[in-house]
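Read through the structure below, which is laid out as structure tokens, and then see the notes.
This chain uses plain numbering: 1 for the first residue, then up along the sequence.
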Amino acid sequence: MGAMNVLTDIEFVTQFSAELGEDYGVAKSYVRDVPTHALLHIRSFTHKLTDLLAASKQIIFDSPNLYDRIERLNQQRVIDVRVTRALHRLRSDGNRGAHPEKYHLTAEQLQSLGERSIERLLGLVESLYPTCKTQPAPEYHFEPFDSFAGRDLCYRAVMEDDVEAQYLLGMSLKTRALMQREQEQALEQNRLEEQSVVIKSDGSFAKAAYWFGLAAASHNDAMHEHGVGLIHGYSGDADVAAGEQAIAQAAKAGVANAMALLGYFYLVGGETIQANSADALHYLQAAAAKEQSEAMANLGVLYYQQGNMPQAYHFISKAAQAGFPHAQYHLALMLARGEGCQQDSIASEQWMAEAAEQGQLDAMLTRAQHMLNDDNAFGSDLSQAEKYLREVVRYGHSVPAMIELSIALADGILGRIDVVGSAALLNMARSRANDKEQQVIAPLWQSLQQQVFNVLAVTEDADERQALVRAQELLSEEPYQPV
């Protein structure tokens with residue numbers, strides 16, 4: 001009989017806090033079918049948890065920024081280092097949920113991230129329970145993830161004309177489409193001529209556009225997404241003017257993402273929107289006040305362009321702390337140069353490492369170059385350097401990354417010599433290089449040709465000769481041309 005009275009994990013979290021229990025239940029229910037929505041609820045849970053922890057010590061936050069809140073709790077000794085790290089990890093997971101395509105995640109990886117985040121969140125509540133509730137944590141059992149929420153979402157969207165369900169369905173399909181497109185582009189760049197890439201993203205984008213369009217009239221977030229879909233042509237032909245109008249409408253209704261995008265349009269100019277620094281400042285500040293990380297980053301860019309380095313540093317650092325990888329990369333550069341701040345090479349390397357870990361391509365290339373060429377580089381790891389370079393080649397088609405990796409493979413810097421891989425990368429780089437990069441490639445090309453020729457003249461190993469002959473063929477061919 002005793003086992004029947006054991007709490008479920010949702011009941012356990014609800015006993016810790018009714019409000020948090022509701023967020024936890026929603027997050028868990030969407031993990032299988034709408035993991036992006038689950039991760040955003042996990043971030044919301046983390047935000048509310050900082051409120052609960054602060055209230056227990058009569059602490060009043062002076063910032064809505066989640067990074068600032070976690071650090072304040074740590075500084076006030078409300079939480080220890082382990083809990084601080086756990087909260088920052090959940091904050092980071094939530095950021096990945098907001099823009100999974102920017103982190104090069106597949107649908108499977110996104111779902112796995114959601115499941116792991118739920119488990120981390122549950123473990124955190126369990127560890128905090130004795131302190132917050134002044135009694136031991138009760139026994140509970142974890143109920144398996146299910147797909148009921150996804151089926152229910154579809155039912156409500158179709159049968160009940162529920163605009164929130166239609167919006168969430170659109171978001172799920174958009175996320176799938178973005179990840180599919182990134183994978184398709186990577187395959188297209190790396191495929192052999194006789195292979196074809198199956199395009200699935202177009203259909204997913206079109207379905208997302210349908211649901212956003214259906215919900216847009218009475219759902220402001222859907223109106224924003226509808227506008228984005230019109231600009232990018234989710235349903236086929238783009239309609240930039242109508243898209244900008246929809247985004248402006250959503251921005252005026254207070255949608256943070258729409259305000260951030262409208263502010264960006266005013267910053268750089270759009271098809272129907274004239275660049276206007278005052279309007280850019282207005283909308284970016286409004287979005288930044290809602291913790292929209294890209295708005296904070298673009299606000300930093302605006303101040304940077306105006307030469308106001310202290311303000312540029314302030315907002316770029318806020319965006320970096322909020323988990324925006326591009327801001328983390330630019331913060332690393334500002335710290336290295338001492339722009340708007342005290343020069344700090346150690347902090348610069350740490351932020352560069354953070355941006356690289358989150359998939360920012362420029363940061364990944366910079367980190368790899370430091371690891372390969374500087375014996376004192378922060379967190380040097382040759383296998384990580386190779387992984388970063390291959391990711392930058394795959395997703396960014398970066399000629400400097402191709403050159404860097406080619407040199408490393410030819411010189412044995414990575415613990416092995418691979419002349420075929422080196423030659424293939426150099427061939428690919430030569431086909432994409434600008435005039436300045438061609439000047440770098442030319443002597444490397446000749447050097448690798450000579451290296452292959454010299455080793456062929458002395459080796460008697462059959463496998464090695466076969467590899468060297470293949471490298472020789474690559475170096476005698478016309479440059480690789482992407483199809």
Side-chain angles (χ1 to χ4, degrees), residues 34-37 39-40 95-105 107 110 157 163-182 184-185 199-275 279-280 283-284 286-288 290-298 301 319 324-326:
V34 199
T36 50
H37 195 55
L39 286 163
L40 290 174
N95 293 334
R96 288 171 184 259
H99 300 287
E101 76 285 355
K102 293 182 180 178
Y103 298 92
H104 317 304
L105 298 176
L110 185 62
V163 291
E164 177 69 14
Q166 290 167 349
Y167 164 69
L168 291 175
L169 206 51
M171 288 302 294
S172 179
L173 289 161
K174 176 190 172 181
T175 300
R176 180 188 300 174
L178 287 167
M179 292 188 291
Q180 286 172 335
R181 176 165 290 179
E182 183 174 60
E184 289 159 2
Q185 289 172 341
I199 303 298
K200 296 181 180 180
S201 60
D202 287 349
S204 297
F205 275 122
K207 291 174 185 175
Y210 170 79
W211 290 111
F212 289 141
L214 208 59
S218 49
H219 194 290
N220 293 327
D221 288 293
M223 176 61 77
H224 164 248
E225 293 296 344
H226 176 56
V228 172
L230 288 169
I231 288 173
H232 292 289
Y234 285 3
S235 297
D237 294 332
D239 187 343
V240 177
E244 290 177 348
Q245 184 179 353
I247 287 163
Q249 183 177 331
K252 288 168 185 173
V255 175
N257 288 337
M259 290 191 290
L261 189 51
L262 186 59
Y264 174 75
F265 288 155
Y266 278 120
L267 188 63
V268 301
E271 184 172 297
T272 63
I273 296 171
Q274 296 293 320
D279 286 335
Y283 282 106
L284 291 175
K290 291 176 176 280
E291 281 197 270
Q292 216 285 349
S293 57
E294 289 187 63
M296 290 189 279
N298 283 328
V301 170
F324 190 50
H326 291 284

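Here Ser172 pairs with Val34 under the side chain to side chain contact (heavy atoms under 4.5 Å, CB included) rule; sequence neighbours left out. Residues passing the salt bridge (charged side-chain N to carboxylate O under 4.0 Å, His left out) test with Asp279, sequence neighbours excluded: none. Scored by the side chain to side chain contact (heavy atoms under 4.5 Å, CB included) test, Ser204 finds Arg176, Ala177, Gln180 as partners (sequence neighbours excluded). Shown here are the ring-ring contact (aromatic ring centres under 6.0 Å, His included) partners of His37, two or more places apart in sequence or in another chain: Tyr30, His41. Residues satisfying the side chain to side chain contact (heavy atoms under 4.5 Å, CB included) test with Ala215, not counting sequence neighbours, are Val163, Gln166, His219, Ala222.
At most 12 heavy atoms of other shown residues, nucleotides or ligands fall within 6.0 angstrom of atom OH in Tyr264. Taking a 6.0 Å sphere around CD of Glu164, one finds it holds more than 12 heavy atoms contributed by other residues, nucleotides or ligands.
Contact check for Leu230 versus Glu244: no side-chain heavy atoms found under the 4.5 Å cut-off.
No donor-acceptor distance shorter than 3.5 angstrom exists from the side chain of Glu271 to the backbone of Val240, with no hydrogens or angles considered.
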Report task. Begin with the C-alpha distance, continue with both residues' side-chain angles, and end with the deciding distance and a verdict on side-chain contact (heavy atoms from CB on, under 4.5 Å) for Phe324 and Met296. Result -> CA-CA 9 Å; Phe324 190 50; Met296 290 189 279; over 6 Å; no
**Report entry** Test log, rule side-chain contact (heavy atoms from CB on, under 4.5 Å), inputs Lys174 and Phe212
**Finding:** CA-CA 10 Å; Lys174 176 190 172 181; Phe212 289 141; 4.2 Å; yes
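Note that CG of Leu178 is 9.0 Å distant from NE2 of His232, once rounded to the nearest 0.5 Å. Distance check: Gln245 CD to Ile231 CD1 gives 11.5 Å after rounding to the nearest 0.5 Å. Taken from CG in Leu110 to CE in Met179, the straight-line distance is 5.0 Å, to the nearest 0.5 Å. A distance of 11.0 Å separates CZ in Phe265 from CG in Asn298, rounded to the nearest 0.5 Å. Put simply, CG on Leu267 and OH on Tyr283 are 14.5 Å apart, with the number rounded to the nearest 0.5 Å. Note that CG of Leu284 is 10.0 Å distant from CG of Leu261, once rounded to the nearest 0.5 Å.
Residue Asn220 comes nearest to Ala250 through the heavy atom pair O-CB, 3.6 Å, listed as atom of the first residue, atom of the second, then distance. In terms of heavy-atom proximity, Leu262 sits nearest to Ala248 at CD2-CA, 4.0 Å. In plain terms, the two heavy atoms of Ala260 and Ala295 that are nearest each other are CB-CB, 3.8 Å. In terms of heavy-atom proximity, Ala209 sits nearest to Tyr234 at CB-CB, 3.6 Å. In this structure, Ala286 and Met259 approach most closely via the heavy-atom pair CB-SD, 3.6 Å. The shortest non-hydrogen separation linking Glu225 to Tyr167 is CG-CE1, 4.0 Å.
Residues in residues 204-218 take part in no salt bridge (charged side-chain N to carboxylate O under 4.0 Å, His left out) pair, two or more places apart or across chains.
Of the residues listed (Lys290, His224, Glu294, Gln292), the one engaging Asn257 in a side-chain hydrogen bond (donor to acceptor under 3.5 Å, both in side chains) is Gln292, and it is the only one.
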